[in-house]
Engineer: 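This structure is in structure tokens; I'll ask about it shortly.
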Amino acid sequence: MADFVQGQRWVVDSEPELGLGTVTSVQGRRVNIFFEQSDCERTYAKDNAPLTRITFAIDDEIKTAKGETKTVTLVHEHEGLLFYETSDGEITAETSLSSEVQLNQPFMRLMTGQLDKPNWFSFKRQLSDAIAKVWQSRLNGLLGIRANLIPHQLYVAWSACEREKIRVLLADEVGLGKTIEAGMILSRLIKLERAQRVLIAVPKALQVQWLVELIRRFSLHAELYKAQEHDFHSGQIHIVPHEIFAEKSDELSQGEFDLVIVDEAHRLTPESEAFKTLEQLSNHVEHLVLLTATPEQLGLESHFARLKLLDPAKFSSLDAFIAQEEKYIQLNEDIRQLPASRDRIIDQYQLDLAPEDSEDKLIDQLLDSHGVGRLMFRNVRSAIAGFPKRVVVPEVLGDDSWDEKFEWLSQWLKNNKGEKILAICHDIKSVFACEDYLWQKHGIDASVFHEEQSLIERDRAATYFSDEEGGSQVLICSEIGSEGRNFQFSSHLVCLDIPEHPDLLEQRIGRLDRIGQQKDINIHMLYGEGSKTQIQFRWFHEVLDCVQQQNPAATPVHDEFWHQLDGSLENTEIISLAKEKLAKLREDIKNGRDALLEKNSCRQPMANSIAEKISTFEQNTPLELVETASDLLQFYFEETYQGAYNIIPSDKMLIPSLPGIPPEGIEVTFDRNIANTREEVKFISWDAPFIQGLWELLHFSELGSASVATLPSPQLPAGHCLLEACFDLVIQSPLAAECRPFLDGLTVRSLAIDISENDLSNALPEDALQKSIQAVKKHLAREIIKSQKEEIPGWYKKCELFADNQKQTLIEKAVVAANQYFDGEITRLHLLKKRNDFFDDEDITTLENKAREVVTAIKEKIHLHLSSVRLIVITDTTK
């Protein structure tokens with residue numbers, strides 16, 4: 001029976017929200033307690049009251065009823081009441097303590113019997129260790145992307161983000177994934193906590209495509225521009241059309257963005273008002289990413305103006321830039337002539353090479369010495385393996401009517417039942433007409449895909465089309481509806497009509513003509529004999545040569561000559577001029593290719609090593625951790641078929657919602673290949689919002705912070721106790737994200753036993769201990785705590801001391817790792833500065849300052865914060 005005294009402070013184990021109560025009277029076997037915070041009084045039986053006495057020890061902080069916070073230096077007891085002597089020399093009676101007591105601290109929850117299952121301790125540790133491994137890998141923002149691991153894309157994102165300020169021009173040829181590269185950079189900057197406010201400017205027709213791509217591939221949610229009512233100050237990512245750069249100059253300049261991304265940047269010409277707004281933004285934002293597949297299409301002056309946006313100090317003179325570019329013409333020619341030109345290159349550019357050094361090493365030194373590769377990335381299709389062959393299949397019909405085309409399609413489907421076919425036409429009315437014809441005339445069930453569908457409806461249509469067993473054989477798309485989608489599991493494209501511009505045709509073909517396509521692409525071009533459609537096809541295929549291959553010269557030739565033909569190919573003079581212009585542009589493009597720039601845009605073997613590193617990291621998936629989380633948090637998790645699972649929130653969950661999971665649930669996979677073929681399935685990696693969100697939620701939550709267990713052991717003496725504590729390493733610095741990669745872990749674990757002064761955390765590894773411990777019923781666990789209440793604070797002091805020793809060891813190792821990393825980078829920049837005018841002392845000084853600040857933060861700003869504590873009672877295995 002507890003010894004209650006009027007004025008003592010107690011809490012109710014089952015209702016900690018009542019706050020700190022005061023004993024008002026003791027009558028026989030009953031005790032009355034008043035709870036000021038809740039303004040209520042309760043009566044309890046003394047012998048089995050669910051109450052815990054609140055006592056504070058030396059160095060604990062107490063809060064008085066006046067709101068003052070004091071540190072305890074001595075504790076006195078008089079007639080059953082406690083009196084705390086504090087660091088200011090005053091005495092505070094427990095009757096004067098504030099009724100507001102925080103019981104979410106793990107140690108306080110343990111002492112007051114606020115307990116969880118004992119396997120919470122291990123789960124929280126595993127989750128923190130997994131997050132730490134992501135930081136150590138430096139793969140943040142790349143692991144969770146729904147895309148194939150394509151080396152050149154990964155290299156661009158990785159190397160761009162290694163710089164203090166990311167200001168780059170992504171100029172890969174069409175189809176190589178500039179949007180994915182920009183999305184990777186965006187994802188990486190957000191995960192590395194280097195960007196919080198983002199503006200993405202795109203052509204108006206591409207806004208929805210960008211929105212869809214960010215959600216599907218990167219799990220990033222953006223705000224679409226809402227005209228006059230759009231609020232640029234709320235939300236994290238804003239997608240806007242190019243046009244508002246001229247209309248909303250002031251609002252954009254005041255938006256306080258960290259990162260600006262501009263797709264199709266060549267459309268903003270230097271003389272336009274929109275470009276002037278972009279110029280203002282570029283002076284204020286930390287990071288700027290420009291995208292264009294045709295960087296020099298509108299002339300060298302426009303190209304120089306965009307480079308000047310990225311780095312005005314280094315691109316201050318157009319004449320100097322032109323002179324520098326002219327030097328590269330001969331250098332590129334020398335590179336093409338390797339190995340015959342080796343000696344001439346070494347002599348002219350003073351390269352430090354031995355006779356036995358490889359050609360790759362020569363190229364590496366040239367890359368470090370010349371070009372704008374630090375600002376610009378330009379990958380070309382001819383240098384990238386993995387593209388399929390295009391096979392043009394003209395389909396000549398009786399006439400050019402829609403019914404004739406729909407009938408051809410229905411017969412082809414019947415004759416090729418094992419093939420998936422993507423059919424595209426310009427407008428949505430034709431999509432509906434084709435779907436209706438196939439069903440009404442032939443009973444063929446077709447999926448449709450168009451701009452009036454919601455994102456969920458599009459995903460369902462794409463999923464039905466991708467299903468190899470029971471899905472639709474054909475997907476009918478409108479022009480806009482098909483933008484940005486990947487249907488490379490199909491190898492047949494049917495153009496029910498032919499677009500008016502070669503760019504639109506290339507966009508259609510690009511749905512199938514992608515890296516990773518396993519088959520040749522058959523491009524079926526439907527037209528009636530002598531029709532306008534046939535003339536369009538012949539113009540594209542026979543003159544522009546842009547159907548069976550990608551041809552960047554086709555667009556300017558089409559724009560210059562097509563309208564002169566007036567819908568006919570009879571003017572042989574214009575046709576001849578168009579072909580001559582096409583041949584010249586092709587030759588100019590070939591000769592103008594910057595071989596150094598292309599090699600610098602995907603340096604090997606580094607590009608392949610990044611892909612391999614991610615692939616290796618993904619071999620250990622979060623599957624087991626999610627299974628444990630479903631048991632502890634009480635949500636529904638079950639395999640639906642091999643490699644895919646359902647996650648569905650429940651009414652019994654211990655948290656209000658699951659991070660990144662809709663209330664109705666969703667199908668998920670931990671397999672990148674499945675995620676890439678089934679777009680409706682969410683990809684769960686260690687970098688996914690679900691895993692990161694769980695860690696953030698539990699990191700600041702009381703869930704699982706205190707528990708009691710038993711340990712049957714023949715080696716340890718029965719009846720004795722272990723106290724196991726987990727401490728988070730809290731980095732109280734703006735550079736926390738810069739420090740984490742150098743730390744071996746983000747938590748430390750200590751283990752104290754009542755009969756020893758040594759830390760047993762190494763002698764009793766966490767995995768082995770977790771397999772052996774057994775849960776204890778809550779009422780019995782509370783009895784154990786009460787029986788050891790006098791001893792537990794002493795054991796906890798041991799755990800704190802052990803943890804502090806581990807922290808110091810981690811800090812020392814982190815300082816060594818940080819110094820090694822930054823010394824290597826600074827040395828590399830010094831070497832680059834000697835060879836390359838694009839590097840200067842500012843780059844080196846910035847990195848040196850950062851190195852000092854990071855090392856200082858590691859040394860001085862890392863503190864321990866108790867995350868969870870577990871009391872373990874050793875039991876006899878012979879009973």
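Note: hydrogens, waters and symmetry copies are ignored here, and every other heavy atom, side chains too, is used.
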Engineer: When you measure from the side chain of K308 to the backbone N and O of F315, does any donor-acceptor pair fall under 3.5 Å?
Structural biologist: no
Engineer: Under 4.5 Å between any side-chain heavy atoms of L214 and I239, yes or no?
Structural biologist: yes
Engineer: Does a salt bridge link E243 with R267, judged by any charged N lying under 4.0 Å from a carboxylate O?
Structural biologist: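 Answer for the salt bridge query: no.
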Engineer: Which pair of non-hydrogen atoms, one from S128 and one from W695, has the smallest distance, and what is that distance?
Structural biologist: OG-NE1, 3.4 Å
Engineer: Should the ring pair Y821 and F742 be called parallel, tilted or perpendicular, given that the plane angle runs from 0 to 90° and is split at 30 and 60?
Structural biologist: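 Correct class here is tilted.
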Engineer: Quick check against the 3.5 Å criterion: does N140 have a side-chain atom that pairs as donor or acceptor with the backbone of R188?
Structural biologist: no
Engineer: Do any side-chain atoms of residues 194-207 form donor-acceptor pairs under 3.5 angstrom with protein atoms, and if so which ones, sequence neighbours left out?
Structural biologist:
unit_1	atom_1	unit_2	atom_2	d
R194	NH1	C161	O	2.7
R194	NH2	R163	O	2.6
R194	NH2	E164	O	3.0
Q196	NE2	E193	O	3.4
R197	NE	G255	O	3.4
R197	NH1	F232	O	3.1
R197	NH1	G235	O	2.9
R197	NH1	H238	NE2	3.4
R197	NH2	F232	O	2.4
R197	NH2	G255	O	2.6
Q207	NE2	K204	O	3.3

Engineer: Is the backbone N or O of I131 less than 3.5 Å from a side-chain atom of R740, with the two atoms forming a donor-acceptor pair by type?
Structural biologist: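 Looks like no, no N/O pair under 3.5 Å.
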Engineer: Check whether more than 12 heavy atoms from other residues, nucleotides or ligands sit under 6.0 Å from atom NZ of K861, and answer yes or no.
Structural biologist: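 No, because the 6.0 Å sphere around NZ of K861 holds 12 heavy atoms or fewer from other groups.
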Engineer: Quick one: does S249's side chain have a donor or acceptor within less than 3.5 Å of a partner on A246's backbone?
Structural biologist: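 Pair absent, no side-chain N/O of S249 close to backbone of A246.
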Engineer: Could you tell me which non-hydrogen atom of L743 sits nearest to which non-hydrogen atom of I731, and how far apart they are?
Structural biologist: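 Closest pair (atom of L743, atom of I731, distance): CD1-CD1, 3.8 Å.
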Engineer: So, does T856 use its side chain to make a donor-acceptor pair with the main chain of R852 at under 3.5 Å?
Structural biologist: yes
Engineer: Between K682 and I666, is there a donor-acceptor pair closer than 3.5 Å when you use the side chain of the first and the backbone of the second?
Structural biologist: no
Engineer: Mind checking the CZ-CG spacing from R672 to L143? Nearest 0.5 Å is all I need.
Structural biologist: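 The CG atom of L143 is 7.5 Å from CZ of R672, to the nearest 0.5 Å.
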Engineer: Could you walk me through whether M653 and L633 pass the side-chain contact (heavy atoms from CB on, under 4.5 Å) check?
Structural biologist: CA-CA 5 Å; M653 284 198 312; L633 292 171; 5.6 Å; no
Engineer: Can you confirm whether I655 sits close enough to F635 that some side-chain heavy atom of one is under 4.5 Å from a side-chain heavy atom of the other?
Structural biologist: no
Engineer: Can any side-chain N or O of S159 pair as donor or acceptor with the backbone N or O of Y155 at less than 3.5 Å?
Structural biologist: yes
Engineer: Are any of the side-chain heavy atoms of V626 and F670 separated by less than 4.5 Å?
Structural biologist: yes
Engineer: Would you call H303 and M376 a side-chain contact if the rule is heavy atoms closer than 4.5 Å?
Structural biologist: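 A side-chain contact under 4.5 Å exists here.
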Engineer: Donor-acceptor pair, distance only, cut-off 3.5 Å: does the side chain of R146 make one with the backbone of V681?
Structural biologist: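 Yes; at least one donor-acceptor contact below 3.5 Å.
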Engineer: Measuring centre to centre across the rings, with the benzene-like ring taken for any Trp, is H152 within less than 6.0 Å of F377?
Structural biologist: no
Engineer: Hey, is CD on E457 packed in by over 12 heavy atoms from elsewhere, all under 6.0 Å?
Structural biologist: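 It does: E457 CD has more than 12 such atoms within range.
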Engineer: Let's go through E738 and E853 carefully: what are the C-alpha distance in whole Å and the side-chain angles of both, what is the deciding distance for side-chain contact (heavy atoms from CB on, under 4.5 Å) to 0.1 Å, and is it a yes or a no?
Structural biologist: CA-CA 10 Å; E738 306 284 355; E853 292 170 356; over 6 Å; no
Engineer: How far apart are the closest heavy atoms of G144 and D687, and which atoms are they?
Structural biologist: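 Looks like N-CB, 3.5 Å.
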Engineer: As a quick check of understanding, evaluate side-chain contact (heavy atoms from CB on, under 4.5 Å) for L127 and I691, giving each step before the final call.
Structural biologist: CA-CA 8 Å; L127 188 54; I691 301 298; 4.1 Å; yes
Engineer: Within the distance-only criterion (no hydrogens, no angle test), does the side chain of D728 pair as donor or acceptor with the backbone N or O of V730 below 3.5 angstrom?
Structural biologist: no
Engineer: Testing the 3.5 Å rule here: is there a donor-acceptor pair between the side chains of S601 and N379?
Structural biologist: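 No, no side-chain donor-acceptor contact under 3.5 Å.
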Engineer: In Å and rounded to the nearest 0.5 Å, what is the CD1 to CG distance from I261 to L259?
Structural biologist: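 Spacing of CD1 (I261) from CG (L259) equals 4.5 Å.
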Engineer: Quick one: SG on C602 to CD1 on I150, what's the gap to the nearest 0.5 Å?
Structural biologist: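 Here the interatomic distance stands at 10.5 Å.
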Engineer: So which atom in A461 and which in S447 form the shortest heavy-atom distance, rounded to 0.1 Å?
Structural biologist: O-OG, 3.8 Å
Engineer: Return each pair, listed once, that meets salt bridge (Lys or Arg N to Asp or Glu O under 4.0 Å) where at least one residue sits in residues 272-281; pairs must be two or more places apart or across chains.
Structural biologist: E273-K276
Engineer: Does the side chain of L186 reach to within under 4.5 Å of the side chain of F218, using non-hydrogen atoms?
Structural biologist: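 Heavy-atom side-chain distance check fails, nothing below 4.5 Å.
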Engineer: Would you say the side-chain atoms of Q453 pair up with the backbone N or O of V448, donor to acceptor, closer than 3.5 Å?
Structural biologist: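 Side chain of Q453 to backbone of V448, a donor-acceptor pair under 3.5 Å: yes, one is there.
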Engineer: What's the verdict on side-chain contact (heavy atoms from CB on, under 4.5 Å) for V240 and F245, showing C-alpha distance, side-chain angles and the deciding distance?
Structural biologist: CA-CA 9 Å; V240 302; F245 268 54; 4.3 Å; yes
Engineer: When rounded to the nearest 0.5 angstrom, what distance separates OG1 in T277 from NE2 in H242?
Structural biologist: 12.5 Å
Engineer: Look up atom CG in L505 and atom CZ in R508, then write down how far apart they are to the nearest 0.5 Å.
Structural biologist: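 If we round to the nearest 0.5 Å, L505:CG and R508:CZ are 7.0 Å apart.
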Engineer: Got a second to check how far I190's CD1 is from L220's CG, nearest 0.5 Å?
Structural biologist: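 Answer rounded to 0.5 Å: 5.0 Å.
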Engineer: For W210 versus A182, what's the shortest heavy-atom pair and its separation?
Structural biologist: CH2-CB, 4.0 Å
Engineer: Within a 6.0 Å radius of atom NE2 on H863, are there more than 12 heavy atoms belonging to other residues, nucleotides or ligands?
Structural biologist: yes
Engineer: Determine whether N676 and F683 make a side-chain contact, defined as any pair of heavy atoms from C-beta on separated by less than 4.5 Å.
Structural biologist: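 Not in contact.
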Engineer: Answer yes or no: is there a side-chain heavy-atom contact under 4.5 Å between T555 and H501?
Structural biologist: yes
Engineer: Which atoms form the tightest heavy-atom contact between Y225 and H230, and what is the distance?
Structural biologist: CA-ND1, 3.6 Å
Engineer: Just wondering, do W158 and L139 contact through their side chains at under 4.5 Å, heavy atoms?
Structural biologist: yes
